[in-house]
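Since this is a predicted model, take the numbers as computed values, not measurements. Just so it is clear: chains get the letters A, B, ... in the order the sequence lines come, proteins before strands, and each one is counted from 1.
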Amino acid sequence: QQKVQQSPESLIVPEGGMASLNCTFSDRNSQYFWWYRQHSGEGPKALMSIFSNGDKKEGRFTAHLNKASLYVSLHIKDSQPSDSALYFCAVSSGTGGYKVVFGSGTRLLVSP
Amino acid sequence: DPKIIQKPKYLVAVTGSEKILICEQYLGHNAMYWYRQSAKKPLEFMFSYSYQKLMDNQTASSRFQPQSSKKNHLDLQITALKPDDSATYFCASSGQGADTQYFGPGTRLLVL
């Protein structure tokens, strides 16, 4: 049974600072990884996907994947108050029933 | 225009009753999902459907029954409601299994 764990549970960074979110997973067959963001009162929205080892940058967001270490991270550069939200790591093996397992989330607060 | 519609937005039910949560997606996706979010389990996978066929069921209780009358519809019937069923239920859709999932705005269910 896939286990996806995120750390820290909550994080406060100053506006303009760097936020670093971590995620570990347990299934070595995992192939597909996403970071989702959820603002209060809304559904989660995908920020970015990463499927290959290494870094992937999209604007202020950089995801890093190391499948051998069962680890994926998200770094947010120049954090803005609008980045304050709940962030989820999501992992899939891509087989069977399309199941995606979400981590427990990191709550990010960017203080102005 | 919203691409994934969930109805109703809020729902209050009494213990033992039955409710149906509605989900329609207009993204042209073939796969649809249900998730549940509560304080205890931040985002919990419930079901996945592809081309109106059940792909995966991670819900232990038969009180939860998805219903797909059309390719872009996946409703969720919940019978014999319990206070523990109180949560926000999200519908999502994707092109195929490894594609990014898009979430609806959720239905917030409160069982008294």
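- Within residues 64-90 of chain A, the residues that have a heavy atom under 4.5 Å from a heavy atom of chain B are Leu86(A), Phe88(A), listed by number.
- The CE atom of Met48(A) sits 11.0 Å away from atom OG1 of Thr100(B), with the distance rounded to the nearest 0.5 Å.
- The heavy-atom pair separating Phe102(A) from Leu43(B) by the smallest distance is CD2-CD2, 3.4 Å.
- Annotation for Val100(A) and Tyr35(B): closest pair CB-OH, 3.7 Å, computed over non-hydrogen atoms.
- In the hydrophobic cluster analysis, where Ile, Leu, Val, Met, Phe, Trp and Tyr join through side-chain heavy atoms closer than 4.5 angstrom, Leu109(B) is grouped together with Phe64(B).
- For Phe25(A), the ring-ring contact (aromatic ring centres under 6.0 Å, His included) partners at least two apart in sequence or on another chain are Phe33(A).
- Shortest non-hydrogen contact noted between Gly43(A) and Phe90(B) is CA-CE2, 3.3 Å.
- Gln58(B) touches chain A through its side chain: at least one heavy atom from C-beta onward sits under 4.5 Å away, while N, CA, C and O do not.
- In the hydrophobic clustering of ILVMFWY residues, with side-chain heavy atoms under 4.5 Å counting as a link, Val91(A) and Phe103(B) come out apart.
- The neighbour count for Leu27(B) CG, taken as heavy atoms of other residues, nucleotides or ligands under 6.0 Å away, is above 12.
- Linking Ile, Leu, Val, Met, Phe, Trp and Tyr whenever their side-chain heavy atoms come within less than 4.5 Å puts Val110(A) and Phe61(A) in one cluster.
- Only the side chain of Gln37(B) comes within less than 4.5 Å of a heavy atom in chain A; its backbone stays farther off.
- Residues Tyr49(B) and Ile78(B) are members of one and the same hydrophobic cluster, defined by side-chain heavy-atom contacts under 4.5 angstrom among Ile, Leu, Val, Met, Phe, Trp and Tyr.
- Counting all heavy atoms, side chain and backbone alike, Ser104(A) lies closest to Pro42(B) at O-CG, 3.2 Å.
- Contacts between Gln38(A) and chain B at a heavy-atom distance below 4.5 Å involve the side chain alone, from C-beta outward.
- When the salt bridge (charged side-chain N to carboxylate O under 4.0 Å, His left out) test is applied to Lys9(B), no partner is found at least two apart in sequence or on another chain.
- Under the rule for a side chain to side chain contact (heavy atoms under 4.5 Å, CB included), the partners of Asn57(B) that lie at least two apart in sequence or sit in another chain are Phe47(B), Leu54(B), Thr59(B).
- At a threshold of 4.5 Å between side-chain heavy atoms, the hydrophobic network of Ile, Leu, Val, Met, Phe, Trp and Tyr places Tyr89(B) and Leu81(B) in one connected group.
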